[in-house]
Structure formats: C-alpha cells, structure tokens
Amino acid sequence: MNTNGAATSSAAAGGGGGALAVTVDSSSAAKKNSKKPKYSKFTQQELPACKPILTPGLVITTFTIIGIIFIPIGLVSLSASEHVVEIVDRYDEVCASIHSDKVAYIQNSLTNKSCTRTLIVPKLMKSPVFIYYQLDNFYQNHRRYVKSRNDKQLRSKAAEFDTTSCEPEDKSSAGPIVPCGLIAWSLFNDTYGFSVKNKMLEVNKKNIAWDSDKEHKFGSDVYPKNFQSGGLIGGAKLNSSIPLSEQEDLIVWMRTAALPNFRKLYGRIEEDLQANDKITVVIQNNYNTYSFGGKKKLVLSTTSWIGGKNDFLGIAYITVGGLCLFLAVSFILLYIIKPRPLGDPSYLSWNRCPSGHPN
Amino acid sequence: MNQYFLLIACLQLWSLITPVNPASTWGPLIFIFAVSASKEAWDDYNRYLSDKKANEKEVWVVRQGIKKHIQAQDIHVGNIVWLRENDEVPCDLVLIGTSDPQGLCYVETAALDGETDLKTRIIPSACMGIYFELLHKIKARFLWRNETKLGMSRGIPEPKLTAMDAMIDKLTGAIFVFQIVVVMVLGIAGNVWKDTEARKQWYVLYPDEGPWYELLVIPLRFELLCSIMIPISIKVSLDLVKSLYAKFIDWDFEMIDQETGIPSHATNTAISEDLGQVEYILTDKTGTLTENRMIFRRCCISGIFYGNETDVELLNAVSGGSPDVVRFLTVMAVCNTVIPVKSKTGAILYKAQSQDEDALVNAAARLHMVFVNKNANILEIRFNGSVIHYEVLETLEFTSDRKRMSVVVKDCQNGKIILLSKGADEAILPHAYAGQQTRTFIEAVDQYAQLGLRTLCLAWRELKEDEYQEWSLMFKEASSTLVDREWRIAEVCQRLEHDLEVLGVTAIEDRLQDGVPETIETLRKAGINFWMLTGDKQNTAIQIALSCNFISPEPKGQLLLIDGKTEDEVFRSLERVLLTMRITSSEPKDVAFVVDGWALEIALKHYRKAFTELAILSRTAICCRVTPSQKAQLVELLKSCDYRTLAIGDGGNDVRMIQQADIGVGISGREGLQAARAADYSIGRVSGTSLFNSVSLMAYNVFYTSVPVLVSVLDKDLSEGTVMQHPQILFYCQAGRLLNPSTFAGWFGRSLFHAIVVFLITIHAYAYEKSEMEELSMVALSGCIWLQAFVVALETNSFTIIQHLAIWGNLVAFYVINLIFSGIPSSGMYTIMFRLCRQPSYWITMFLIVAAGMGPVLALKYFRYTYRPSKINTLQQAERMGGPILSLGNIEPQSRAIEKEVSPLSITQPKNRNPVYEPLLSDSPNSTRRSFGPGTPFDFFQSQSRLSSSYSRNCKDN
C-alpha cells in the first residue's frame, strides 16, 4: 500500500547504517497538543443515558397495564363485530347442481345461467347494506396474474399502445387491448338482482371503487378497445363507450387481493332490511370457478367502525390481554416464592469460584 | 458475499423471474459500493498525503562534490547523504564519515524498535580520516541488497478479517444454506402446484408448453425473494459502524497521552469491534509495557541506605566528602560508555547506549559528580568544583553472560590504575574480596528487588601497575583471537575482576507505563491471556513481568522454564512443563512459562503440537530473545487454534507480529503510553458492549421476508424502505452479547416467531373485503417496523438521546416516508397510507402485533434476566443499582485492593508491598545469591545448567 520505498523507514538500521543522534527529551509535547480532538459528549460516548433494566416491578407493571388496556379494547371490538349483520350465501354449487359437467355448463355461452336464491334477513340491517361477492381459492395474488396489467395504459390515452407486461392478453389482431392484461381480462361477471316482497331493491353501483383510483389511476379519456374480442373469452365484457374511470366494477376488480379468499364490493342497498325479510336474488351465474374448484358466495353485510364482521381482533385482544395478566400474576407469584436480588455480584461465576477463569 | 449480491442483482435483470423492480437491488448496491469506494478513496488520499510529506522531506546530498538539497524520494542507491545532528535518517545508510575525530556516531533507533538508547556506529577503518571535502571522490562499492532490513522483517501483510467478519461470513453461509433449502422446497412445491392446480386456473392462462428452463423459474424467483435474508445493507452498515467505532477510539479522551497529547489513532477502521473478543494479548516489552526510561531510585553505600539524589542524607554525605560515597559516585560517573554532549545552553546531555547508564550518570551529576567531557580516552569529571581527569585504559564490555561491565582507568592526578565494575549482584558479590561483609548488600538487593527495582552492584579495586600490564597483554591477545573470542575475553576479564571491594548497590526503576499493572490485572481477570514477547534477556523479562502483574509471585503463581540447546533438551523440558501444566491446570494457580528464542525455534520447528497444547493451557507466557519473525510465528500459532489475538508493539521489530495478529496496536514513538489506554479501551468493550446489531438486522430481514415469501408478493417501496431503515438502527444498537451461532439461533427463532405473528395477525385482521394487496402488505410492513422498534428498544441497554432518536425517529420516519409516497399519484401505493391511518382497525392491529410479538419475548427475557442472568446482565443490574462501575475489576472489592497494592512503584509506599513476597524463579538474582552463598566461586558459564537444575527443582516442588 505504501507506494514509496524510501520514506517510510525513517531511521537507519541496515547493515551498519549511521546517523547523528537525536536527544532524548520530548520538546515536541506542546505542539502535539493541538492534535487533541475536540471534546464533545458525543465523541466521548458520554451522552446522558437512561439505562432501564428489567426489574420485577417494571415488568409486572407493564404486563398488568397491557392486560388492563387490552381486554376492554377486545370487548369493544368484539361487540362492534357482533353488531354487524352479515348474510353469506354460497351459490356456485347450488346454481350448477343440475349439470353433471359443471365446467362445460359454465363455458357454454348458450345455456341459461340465471339462478334464484332466497335469503332471510336474520336481524334488522340498517342501510347502507353492502353487497359483496366472495371468491374462495382464487389466486389474484398469483405473480403471473398480478403483474399482468399496465398502469400507464389505464391512466392515459396516450399510452394506449403500451402493453408491456400484459402478456398474453396484450394485443388482438385489431390492435392493442385496452385494458390489457390478465386481470382485466378475467373480470368477474356474475350479476345479482335483489327483490323483497316482489319489489325490486335498488342496488347502487356508484362509488364502489376508491375515489383515488377513479381520479388518478384510471383515465377518463381511456375507452375499452378490442376487449374480449379474441378467441378466448375470460370474464365480463366492457361497454366501450364508457371511459375506464367510470367502469367501477373493473376498478374494484383491478385492486387485486392479497389472499386467495377475498370479497369485493358489488354495490350498496340504500334502504334498511327488516328482520325476517325474504330477499330473492336472481343471479346470473357466469363466472367460471368450477374448473379450479373455487367457491362463489354472495355476501350482504352492514358495517361498523371496525369494518365488517370480524371477531378476530376482539378475540385476539382478549387473549393477549388475558395472557398478559396471567404472566403478571405468575411473575408476582414467582417473585414472592423465589425472590432473587438483582445485581448481586455473588452470582458472578468468577466470584463463586475464585480460581475459575471465565474462558 | 459481494459475489452473492452481484448474482442476485444479475438475476433481477431477468424480467421473467424478477418479483420486484431491479432498481430495488441495483440502487442500494450501487449506493453501497459508492459509499465504501469513497471511504477507501478518502483513506488512500490521506495515505498519499502522508507519504508525500515523507517523500518530499528535504535532505542534503553530495553530488559531484557539491552539496545539494533534494527531496527524500530522489535519493538513489550510491548517493552520499549529508546529515546534521538531530536529523532524521531518510533511508538506509552506510556510515562513511563523521565530524567526530574517532569516527563515532550515535544513532537513535526509537522509530524502529522503540529503544531510545543510542547505538554506536563506527566508520569503517578504510574511511578513517577522510575529510568531508574529499568524500565525493570516494568510489565505494557497497554490497547492496534490494531488501532493507526493515523491509525484510516486515513480511507480507495479510488483509485482516475480524472475528465479526468471519462470524458473519459463517452465518451468512448458514443462512444461504437455509435459503437454498427453502428455495428448493418452495420451488418444488411451486412447480408441483403449478402443474396440478395452476393449469386449471384459466385466469392465469398458462401456456401449454413453456421454455426448457421453466422448471427453474419458480425456484429462482423464490431465491430472489429470499435474497433479502442476507441483506445488502449489512456490508455497508457494518463498515459504517466500524468506522464509527474507530472514530470513537480516536476521539476518546481516555486514550490521549497525557504528556504529549497525542490521541490514539485507529488506522484500520475495520477491526475495532474485535477488541471486545480478544483472548490473547501479545505484547512487546520495551516501550510498550515499560516506558524504557530508567530512573535512579535508591542506593546503598557501604551499608547505609539512601534514597535517590534528592535525599538530604545522601547530599550531606556527598558534601561531607565521605570517601566511600565519593568512590561510589566515581564508579557511577565513570564506569560506562556514556558520551556527554554540551548543548548550546551549556547544559550537559548524556548520550548513553543503555538507559541504566544514562540514569546512573544523570544521578551522579545531580550528586555533584558531573561527568563533563570525554575527549578521546580522557574523561573529565567535575566534583565539588574540582576537576578530575581519568584516562580510560580498557573497557571490559557488558555482555549478558557476564552480567557486568568494568573499566580500567588511570587517575591522571596520582597515576593510580583502578578497576571499576558494575553489574548484577550475582556477578559482582561473589567476587568481593575475602574479608568483605556483603550481608548488607545482599539485604539491599533483596529489598530493592522486592520493590521491583533493577539493582546494580558497584565495586572497585586498585590495580598494581605490573598486574595491569600483564593482564593487558592477555586481554589484547584475547581480543584478537578469531575462535571463541567472546569466551576468551570473558575468561580474561574474569582474571581481573576479583577481590573487588563492593561499594554499594544502586536501584533503578524501569518505569512501567502508567497503569500497566492495573490494566494487566484487570485484563487477566477478564479472562484474557497475556503473552510477553521480548528481545530482552530472560531475567529482565521476568522482572518486568513480575512488576507488572504479568505473573503472580510464588505462592500463587509458578514459573516454568523451557530451555535447552539441543532438540532433545528442549523436548524434554517441554514435556516436563506440559506435564506440570496439566497437573496444575485444575488448581487455582497462575502458571506461566518462560521460553527463550533458541528453544522456541526448536519447539516451533519440531514439537509444534506439544507447544500448541502448552500455549492453550497456559495463561501467561514470556518469550525472551525472540526475533521478529518468531513473534509473528507465535501469533500465527495462536490464531491457528482459533483464538483472537491482539498484538501490541511500538517498533519495527513488532511490525510483523502486529500485522499477523487479528488486531495490531501500534504505539507511536517512545511516548507510547497508549498501550495502557488501548487496553483500557478493550476492557471497556469487554464489559458489555459488543455487537449483535448485525443479527438484529438479519433477523429483521428474515422475518420481514418471510411475509412476502408466504404471501408471495413484495412491494418495491418496502425493500427500499428496509435499506433506509437499517443504518440508523445499526449505529446505536449496542446491546451486549457476543455474536455466536447460538445467539443467532435465538434471534432466528425469535424472528420466525415474529414473522408468524405478523403474518397471522395481518391476514386475519385484514381478511375478506379488506384484503387489498397494497393495504395488506403495508399493514404487514408497518407491523414489522413497530415490532422491530420495540425489539431494538428492548435490547438496547442504555438510552441516550441518539438511541431514542434512532428508534422512535425511525418509526416516525417510516410513517413520514410512506405518507409522502402515498401522496404521489403515480406511485403504486397512492393514498394507501392515508386510508390506513384513518382506519381504527389499523392501529388496533398494530398494537396487537406489538403486544403479541413482544409479550413472550419480554417475559422470556425477564425470566432469563432475573433467574438465569448472564454475567453481563448481573453487571448491568449491579451497575444500575449500586452506582457507577467502570470496569470489571472494580466490582470485586478484593481486586481493587490488589490494584492499590501494586500501583505506583514509588518510594513512598514500600510498605504496601506484600511482606511475604517470595522470589518467583529460583534463579532470579537474589535467590541465586541465596543458594550460592557469599564467596562461593561463581562461574557464569554454568548458568545454563543451573537454570535447568533449578527448573527441575521447581518441578519436584509440586
């Protein structure tokens, strides 16, 4: 590393070298003082420090406090979740039960796919009642699937020809597909019609997608083109006269789910549903989940501050809180039964046996 | 490791398999390399500057008869360099002429070996008397070797890998294996799943026939996902941490030399964290343990004990002109090879070859016996105003075998010829004339030795003219023999050195560096083994070792000796020592062994295995008369047994050792007080602040990646975020446990637990209608960040502002960064964070993750902390409970007492020494005298056999 040969050796040692002597006093002391680095608390690692240690008191208090806080939160969440009224109806099996070859049935575009289901409202459902469709065992998080879209194309008309990463649904013979990619191509296409006591229930399908998506992710000047025009028809077709920013079903569908079981918002019923009301649902059972054994469910649900019906958080909170209290109590007991002073040097191994070397 | 990252980065470029944007790997990679490259560049630039400064130093060179001023780098072989007094020698030189009439020249080699005594160089006889003006006409042919001596002993430096690096490499390897296993399992599972299930999923539209490498795609993809297990940032973070530690060493006020104000300087930033893991310290003696500055402390003149030169009694005795005292002082002033030099101010400076002589002459001068001038063979002494001249007739030089030196001088006033001797007690006292009572001197020597002082006996004898003449002839003859000259001279000298009248005993203190005994004591308590490697002779080495707590005195410690001239002898003694060592290893005894260079050579060559075993068994070793390359070999030996070694040295002869050791501590020049300081530094580290931050980093990444592995999604922003988070955490997370596989396994388990907690809670809390991908991954990530903050908080032992800033600031930074990203419409996570922060369920989920993740960890830690505390824990507890504790040693009251006892070897507190002090080695000067009573014929040529006999006695004693 030293590039020089001569300079680093500063005195003669070699076979009989010689030089004049240097006296032994260190007069250079004063001038070297300037080398002293600046003093600051940081450089000396002397910053005031708080050094907490795990005393029994501290730990037990912590656990107790966690327990005391968590159990009420858990109870509140649980009650919120209990107040949510939810109707789940699996219809894929029932609607295709008369057909022996379900895949052939669903793929045949000529068969009548409508199917009627009756749901009973268990409790009063206050408006708005959210309508979801739930798909089980559907991997929207599949890598090949997730990547198969082009956000630029969705956002602006100028990027219409930008279909990179959309393979294999990128181009048709007539030009680029808008919106391209597998996600859009496989758009969910079951439809539901609701009626109570022979009166149609209005389903509001506006504002089911995120505003941010409508405004920034999907262009208002981008219209579907060459969509579902190839040989293989995936899911729903899109009205090519409506811009993408208003195709809310598509926008909802394009927010891919992270888990194979997911619900997506279909619409809202903006009136209260009375208890024991019979809701008749006419389902157009178009979407093929039969080939991969997926389930389709229709979900009607109210909402609360915590979201939909989900007992998990409440139960988890109560469990964790309970465990914390249990730990606190057992630590207290342990402390009483077997007290042990902290920081007693006699526990140090080299104090226990004086000859023992720690290594 | 770098290759790994490069491989990963290249794989990322293959868009078919890359799960994330390639920029997420390339960006950090480039950034990291830029950072380390600029750091190296800065180092190199500084080195270049200092090289340049040295190279451009101006020197006088004679060329074609004209003195020229050139830069040091332009000196070529064959140039004649002209140096003035006190000049620095710019290169290797051969002396061809001096201004001194005798052609003498004195060189100080402190910069090379730390020894400050002057080395005499004489110009070759052929060049004698050539005037300076003629010098340029000399056509000298010098044998010239390409390698300078210094260069040859230096060896090739190896890059130093720290234990940390090695451990990280190992762990990285382990993780890599784990990763490969995961990748294989998941890859195979993925392929099977793809063939059985995914083909049915029409919405994925798998092509019927994939390319040939199709089978590889899924495993490789998983490999890329798992690549975060070995985080890219680890490298640069570690580098940053290391340089920060190095800076802390530089900055540390504790490590600044009090006298000169030179701060310590860590040149290799990479190894500082190893200081905490040192098991063996190998140290040079001269200039490292001792200051190499002798001070006259006491004397005993004809039975009367005096203090040093400020002692009033002594001064009175001097001014009273007591003949004994005067003769004593004469020996002090005359019996040496010191050269007095008058400085411009008129003060007299002494240039001595040995520090002992320097101390004696200086002391004599202060006692009014001033050695004024040396003119050829005439010495000029000024005593109480009168000037006395002595003519030096012969100098019987000091050799380590003879252990004494003498001069024969002629008093120019009365023409008397006198023999003046000084030497070790065992070399002088047996030669006292028959009637002299040497008892008081023996006691004096005893007492001084107990104080750790180096003793010298002074003696004299008047010679008769004819006796001298006769002897002189023999001496000349002996000096000119070619065979066995040394032996012959010694024999001849002995004929003169008899019937001496012992005048007294001087006691000189070879001052230890400040705090050395305490430091060594503390370090030994900390379980660090000490080896002293020195070029000094055995006795000196043992004395020094004793006085700096290197070895314990007799009842507690035991010293074993390995010696021998032949292979067999060495082997036998090695075996014996080994045997003793094995027996005593269970006893509470400090066993040390002493080995000299010759025996070491043989031992290393032929009995390497036995010696290695010995090295492991023994806590302390003293190696005397070792060469630089042997020092390096010893270091290598210890390293080969997987011990961490630290080598301390100050001179050119230590360079190889320092380079070879895991950690080298170099001491700048003579003012090498930093040795003690550096040691202090490492003890500070030992007591609890080593690093496992790297593990927390890895652990974090492991659990972080587990989520995406399971969900098989990974957001680009997140990985960037990860890299951003790490450095701050790394800097300040200084919790105390050593980085080792079991700790690592603990962390690994914990991280797995956390991964499961985060994953399960997230997918359950955000099930169904909330399972939007961006949101869910954000929830998981923030869960990780929260958990990580609390893990670090739990593991941090001391919170300063910086730690708080790092931990909680990190958390805040995470939100700030993500909120900013959420505000950018084009980013994938637009508005995600705003939405999440508005949801109460998000915050509830966070708290749940923290509580569920930390609760068990806290409970376990508390349990371990209270009921199975490690040493560090106990110390921490003790520290918080009972006031400040600075080092390991202070915790134990008894050790503090010992430290006090051993501390400064000052004349004012002789009582503090252990009164039942026993000499350690039976052949140490005083005990020799005991076994060979006064008057016993003493033959120094037997010393070797005596050593071995005393050794075997030692063996039997056990």
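What's counted below: heavy atoms across the whole structure, side chains too, no hydrogens, waters or symmetry copies. Naming convention: chains lettered A, B, ... in sequence-line order (proteins, then strands); numbering from 1 in each chain.
There is no contact between Gln839(B) and chain A, counting heavy-atom distances below 4.5 Å. For chain B, no part of Glu215(A) is nearby; none of its heavy atoms comes within less than 4.5 Å. Heavy atoms closer than 4.5 Å to chain A are found nowhere in Phe834(B), neither backbone nor side chain. The part of Phe63(A) that comes within reach of chain B is its side chain, from C-beta onward, which places non-hydrogen atoms under 4.5 angstrom from that chain. For chain B, the nearby parts of Asn288(A) are the backbone and the side chain; heavy atoms of each come within less than 4.5 Å. Contact annotation for Tyr287(A): only side-chain heavy atoms (C-beta onward) come within less than 4.5 Å of a heavy atom of chain B. Residue contact with chain B, scored on non-hydrogen atoms closer than 4.5 Å, involves the backbone and the side chain of Ile306(A) alike. For Tyr132(A), the part lying near chain B is the side chain, with the backbone staying farther off; criterion is any non-hydrogen pair under 4.5 Å. Contact annotation for Ser77(A): only side-chain heavy atoms (C-beta onward) come within less than 4.5 Å of a heavy atom of chain B. In this structure, chain B has heavy atoms under 4.5 Å from both the backbone and the side chain of Trp305(A).
Applying the salt bridge (Lys or Arg N to Asp or Glu O under 4.0 Å) criterion to Lys309(A), with sequence neighbours excluded, gives no partner residue. Under the rule for a ring pair (Phe, Tyr, Trp, His ring centres under 6.0 Å), the partners of Phe312(A) that lie at least two apart in sequence or sit in another chain are His764(B).
Interface check for chain A: of the options Pro840(B), Pro856(B), Ala851(B), Ala859(B), the most heavy-atom pairs under 4.5 Å are formed by Ala859(B). For the options Gly321(A), Ser291(A), Ser301(A), Ser148(A), heavy-atom pairs under 4.5 Å to chain B are most numerous at Ser291(A). Of the listed residues (Trp210(A), Phe130(A), Trp185(A)), the greatest number of heavy-atom pairs within a distance under 4.5 Å of chain B belongs to Trp210(A). Considering only heavy-atom pairs separated by less than 4.5 Å from chain B, the leading option among Leu265(A), Asp213(A), Ile69(A), Thr256(A) is Thr256(A).
Remark: side-chain polar atoms of Tyr766(B) are not paired, donor with acceptor, to backbone N or O of Ala258(A) under 3.5 angstrom.
The minimum heavy-atom distance between Leu848(B) and Phe70(A), with the atom names listed, is CA-CE2, 4.2 Å.
A distance of 8.0 Å separates CD1 in Ile73(A) from CZ in Phe847(B), rounded to the nearest 0.5 Å. With values rounded to the nearest 0.5 angstrom, Met854(B) atom CE is found 11.0 Å from Thr62(A) atom OG1.
At least one side-chain heavy atom of Phe863(B) sits under 4.5 Å from a side-chain heavy atom of Leu334(A).
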